[in-house]
Amino acid sequence: MNIDHIKKEFPIFDEKIQNNDLVYLDSANSSQKPKIVVDRINEFYTKQFSNVGRSVHYLAVAATNLYENTRTSMQRYINAKDKNEIVFTKGATEALNLVANTLGQNYLKEGDEVLITELEHHSNYVPWHFLRKSKNIKINFAEINEVGEVTLEEIEKKITPKTKIISITHLSNVTGAILPVKEITDMAHSKGIIVVVDGCQGAPHLKLDMQDLDCDFYAISCHKMYGPTGLGVLYGKKKWLEELPPYQGGGGMINEVKKDRITYGDLPNKYEAGTMATAQVIAFDQSIKFLESIGIENIMKHEAELIEYGQELLQKNNSVKLLGNPKNKGGVLSFILEGVHPHDIATILDEDGVAIRAGHHCCQILHDKLDIPASARASVGVYNTKEDLDQLNDSINNCKKIFNLK
Amino acid sequence: MNLKELYQEIILEHGKNPRNLRKTENFNKDAKGNNPLCGDNVHVYLKLNGQKIVEDISFEGSGCAISMASASIMTDLIKGKNEHEAKEIVEDFLGMIKENPELKSENLKEDEKTKLMCLSGVKQYPMRVKCATLSWHTLVSAFDNKREEIKTEN
C-alpha cells in the first residue's frame, strides 16, 4: 500500500468539517479509522455475531476463532514469544492498572520504590499512586533534561536498593522523546528490577519487538493504532502473567467454582473476565493488517519527514516556542504561542478545520516542571501530509493576527 | 461560527490586562475554582462590609483569554454591589450564556450590560462556555463560603 495515497483509505477525510477539509493533527490522542476496520465491525455484527469462548454453536466457534486470530496477529506484530502473552483489556489505562494492581498484591511491600519519569501520562502515575496510598510504597521521578528527554544515566541515578519497578513511557506524548527502553531494561534487569512500558505512543509509530526489547510488560492502546476504541493490549512475559494473581473476577476467567474454593483459568483467560470487546478485537485484526501492508519502516520514515518539516516550519515562526527538542523524537509537535493561551489557539485553528489538542495532555507533572499551565499539541499519523503542516502554520499565523501579535 | 464575535477587542484587552488580578488584603470570603479538563484555575477573594456590600473583589489564576476576560469583567461589575444584587447578576449572566438573548438584571446599568454582552459570542462555542462561567460559579461559592473547590464538570 502506497503511503502517499493513504488518506483515501480513511472515510472521514471525505467529510467536510464545518465546511472545511479536515486537517487532523490529533493522532496522539486517537487516530482515525481506515474503511477496512469500520467495515469489519459492521460485517461482524451483521453476519457473524456471537459471544466468544462460551457456547458450542457454529457462530460461537467461528467468533472465537476470529477473536483468537487477532491475538495471533498481535503476537506476530510485536514479536512476542508466546500467544498467551497477549491480553486484551479495555485500553492501555486498564492494562497499566492491571500491572500495578497485581504487582502491588503479590510483589510490592511497604517501603518499596517504583521509579517513573516526569514525562509520564497520568495513566502511568495514578495506578502507582493507588499503591502509594494502600501499600505505602514510594514513587520516585526521573527528571527530564533541557531538551525534554529522560536519559539512561538519569534513570540509573534515581535507582536505589529499594527500587523494585521502573515504569516508563516509550515515547512521550508531549515532547516526543523516545526513551532508550532496551538499554534501560538491560540495566534494570541486571539489578533485578521489573520494567513496565507505557507503549501508547510507541506502538503506532515504532517498530516493536518484545523479545528484543525484553521489557516485562508493555501496554498498548488500540484506538491510537487505527483500531477501535474500548480496546487495549497488555503484553506481559509469560512467567509474570502465570505468577501474578487475576485482576478482575467473573465469568470466563475461572477453572472451577465451588462454595468453598475457586480455581482460576489458564492464560490468557485468567485476565479476560466477562464479555470482552469482541467486535473491537475482531476488527483490530484489520488494523494490524493495515499497518503491516504499509510497513512500519515506511510509516516511521514518513512520520519522521513530517516532524522534521513541521519542526522547521514552526521554528521559523517567531512567537512559537516548541516544547522539547529531543535527539530521538516521535510524531508530536507541542508548542506554546507567547501571549495566546492554548485553548484560544485550538478554537481558532478549529475554525480552519485544523484539529489539535490543547491542555496538559494528561501530563500535569511535566507541565508543572516546564512551568506552563497548558500547551498546544499537533501530532501526526500515517495519513498526514506536509500540506497539513503548512495549514497548521497558516492557522497559527491567523491566531497571531487575531491577538495582534507580530 | 464567528471568531470575531468571540474574540472581540474588549475581550482581548481584558484578557491581556485583567482588572483586579491580585489578592485582596483582609479578604473575608474566598473560593477556588478549577477546570480539570483544561487546567484553568481561579481563586476569587471578597471583602464584604457589615451591610454585605462588596468593598473589594479580586482574583488570582490562569486561563485562556475568555476565562481571564470573564473574571476581569465580573470583578469590575460586582464591586460595590451587595450580596443579593451580585447573585442576581450571576444568575442573569449564566442565563444569558446558556440561552437568553439578552441580560435582564435591573442591577446592571446599560453600559455594564453592553460590556458583559461581549462574552455572548461564547454561546456558539459549547466547549468554551466553561471557560466563561468558571469564575462566576466560583464567586457564588465564595459568597456561600463553600469549602469544596468548584469544578466545571459538576
Side-chain angles (χ1 to χ4, degrees), chain A residues 16-20 26 29 121-123 126 174 319 323 334 336-377 394-406, chain B residues 1-18 21 32-43 59-73 97 118-135 138 149 151-153:
Chain A
K16 288 283 177 199
I17 309 298
Q18 298 183 71
N19 302 317
N20 287 297
D26 199 19
N29 185 350
H121 188 281
H122 294 162
S123 61
V126 183
V174 180
S319 332
L323 302 184
S334 295
I336 53 172
L337 197 52
E338 218 64 66
V340 189
H341 191 279
H343 288 131
D344 297 314
I345 301 175
T347 294
I348 294 168
L349 264 57
D350 186 47
E351 206 79 354
D352 295 332
V354 179
I356 62 156
R357 172 103 187 251
H360 50 55
H361 323 302
C362 301
C363 293
Q364 260 189 299
I365 300 289
L366 179 61
H367 281 79
D368 285 351
K369 171 83 173 213
L370 299 170
D371 201 24
I372 48 174
S375 59
R377 179 187 69 191
D394 289 349
S395 297
I396 290 174
N397 286 335
N398 187 34
C399 278
K400 288 161 66 177
K401 211 169 109 191
I402 288 173
F403 275 76
N404 303 313
L405 299 178
K406 294 255 156 53
Chain B
M1 300 279 170
N2 189 345
L3 282 178
K4 281 210 177 73
E5 238 172 81
L6 183 64
Y7 293 107
Q8 296 184 33
E9 209 46 55
I10 185 163
I11 304 261
L12 294 176
E13 202 275 318
H14 273 266
K16 208 171 167 189
N17 307 300
L21 182 64
K32 284 184 188 174
N34 177 28
N35 183 344
L37 266 189
C38 50
D40 286 354
N41 64 79
V42 64
H43 194 161
F59 76 103
E60 291 179 319
S62 67
C64 61
I66 308 296
S67 76
M68 294 305 272
S70 184
S72 171
I73 294 170
I97 286 291
C118 289
L119 285 160
S120 65
V122 174
K123 282 183 195 185
Q124 295 176 55
Y125 296 84
M127 291 300 288
R128 304 302 300 278
V129 165
K130 286 184 283 192
C131 306
T133 57
L134 177 63
S135 56
T138 310
E149 195 168 296
K151 292 194 184 77
T152 48
E153 305 310 290

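Throughout, a chain's letter reflects where its sequence line sits, starting with A, and its residues are numbered from 1. Bear in mind that the values here come from a model prediction, so they are computed numbers and not experimental data.
- With hydrogens and angles ignored, the 3.5 Å screen pairs no side-chain donor or acceptor of A/N20 with any backbone N or O of A/V354.
- Remark: the backbone N or O of A/C362 is paired with a side-chain donor or acceptor of A/H122 at under 3.5 angstrom.
- Side-chain polar atoms of A/Q364 and A/D368 form no donor-acceptor pair below 3.5 angstrom.
- For B/I11 against B/C118, the heavy-atom pair with the smallest separation is CD1-O, 3.5 Å.
- Listed options B/G63, B/S67, B/G15 were ranked by heavy-atom pairs under 4.5 angstrom with chain A; first place goes to B/G63.
- Most heavy-atom pairs under 4.5 Å with chain A: of the set B/L6, B/L12, B/N41, this distinction falls to B/L12.
- Within the 4.5 angstrom heavy-atom criterion, only side-chain atoms of A/N404, from C-beta onward, approach chain B.
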